[in-house]
Amino acid sequence: MKRYDMISARQARSDVSDNNALLVCGHEDEKQFSDNALEGAISLKEFNKGKATIAKDREIIVYCDSLGNGVSADQAEKLVDHGFSNVKVIKDGIKAWKDEGFPFML
């Protein structure tokens, strides 16, 4: 049973733009983050550095570049294990973001 929700790229962008959510790249490798940095996203490394100061009920949206959401799903489960209660995964991750025409960080 999943302990996180799936979210569309459109809803994720809206939540992040409204400052209601943190957008976190699920890849641990910093190169993968820089290659896949969506507008408004932070790296998993950056998130982990500051996670002690993040409210456990803060909306956290995880994404990755795998169509099956494997990496982001694994990271979402880890976040729930660490007590975060409002974790979401972008369905189809980067592909869905691209399909919507949303920007990436340069």
Side-chain angles (χ1 to χ4, degrees):
M1 181 173 115
K2 286 186 217 172
R3 299 178 297 156
Y4 57 86
D5 294 321
M6 299 301 287
I7 189 171
S8 70
R10 182 169 297 279
Q11 186 62 54
R13 184 162 191 244
S14 176
D15 290 357
V16 172
S17 295
D18 292 343
N19 203 31
N20 292 328
L22 292 175
L23 182 60
V24 181
C25 180
H27 295 287
E28 294 183 13
D29 181 77
E30 285 294 305
K31 170 106 172 73
Q32 281 185 293
F33 168 67
S34 65
D35 290 346
N36 298 294
L38 306 182
E39 181 182 66
I42 62 173
S43 69
L44 187 61
K45 182 178 180 179
E46 185 179 348
F47 175 83
N48 285 331
K49 280 184 186 178
K51 76 178 172 187
T53 64
I54 299 169
K56 295 296 186 183
D57 62 348
R58 174 91 164 134
E59 182 180 356
I60 301 167
I61 302 170
V62 186
Y63 73 92
C64 67
D65 65 354
S66 64
L67 283 180
N69 296 105
V71 171
S72 53
D74 289 347
Q75 291 300 342
E77 289 289 343
K78 289 177 185 178
L79 291 174
V80 172
D81 287 345
H82 283 97
F84 291 96
S85 61
N86 193 7
V87 179
K88 299 176 181 175
V89 170
I90 297 178
K91 185 177 182 334
D92 295 327
I94 290 174
K95 180 188 180 315
W97 193 270
K98 282 182 186 176
D99 288 350
E100 289 286 350
F102 297 148
F104 287 68
M105 288 193 281
L106 300 176

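All residue numbers in this chain count up from 1 along the given sequence.
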Indicate if [X] and [Y] have the same hydrophobic cluster label, given that clusters are the connected sets of ILVMFWY residues with side-chain heavy-atom separations under 4.5 angstrom.
X   : Y   : value
V89 : L44 : yes
V24 : L79 : yes
I60 : M6  : yes
I42 : L38 : no
L22 : V80 : yes

Would you compute the distance between atom [atom1] of [X] and atom [atom2] of [Y] and round it to the nearest 0.5 angstrom?
X   : Y   : atom1 : atom2 : result
D15 : R10 : CG    : CZ    : 12.5 Å
D29 : K45 : CG    : NZ    : 10.5 Å
N19 : E59 : CG    : CD    : 11.0 Å
E39 : S17 : CD    : OG    : 6.5 Å
K31 : N36 : NZ    : CG    : 9.0 Å
K98 : D65 : NZ    : CG    : 8.5 Å

Assess the residue pair E30 and S43 against the criterion (side-chain contact (heavy atoms from CB on, under 4.5 Å)); give the C-alpha distance rounded to whole Å, side-chain angles, the decisive distance to 0.1 Å, and a yes or no.
CA-CA 7 Å; E30 285 294 305; S43 69; 3.3 Å; yes
Nearest atoms (heavy-atom pairs only) where [X] meets [Y]:
X   : Y    : result
Y63 : A37  : OH-CA, 3.5 Å
A41 : M105 : O-CE, 3.2 Å
A21 : I61  : CB-CD1, 3.7 Å
V71 : G26  : CG1-O, 3.3 Å

Is any side-chain heavy atom of K51 less than 4.5 Å from a side-chain heavy atom of N48?
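Touching, per the 4.5 Å side-chain cut-off.
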Look only at the side chain of K56 and the backbone of H82, and say whether a donor-acceptor pair between them is shorter than 3.5 Å.
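Between the backbone of H82 and the side chain of K56 there is a qualifying donor-acceptor contact (under 3.5 Å).
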A quick test of your reading: do over 12 heavy atoms of other residues, nucleotides or ligands sit less than 6.0 Å from CZ of R58?
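Result for CZ/R58: enclosed.
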Mind listing the side-chain donor-acceptor pairs of residues 90-97 below 3.5 Å, one per line with the distance, residues two or more places apart or on another chain?
unit_1: K95; atom_1: NZ; unit_2: D99; atom_2: OD2; d: 2.6
unit_1: W97; atom_1: NE1; unit_2: F102; atom_2: O; d: 3.4
unit_1: W97; atom_1: NE1; unit_2: P103; atom_2: O; d: 2.8

S85: partners by side chain to side chain contact (heavy atoms under 4.5 Å, CB included), with sequence neighbours left out:
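Expected list: D57.
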Please find out if less than 6.0 Å separates the ring center of F47 from that of F84.
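When the ring centroids of F47 and F84 are compared, they turn out to be within the sub-6.0 Å range.
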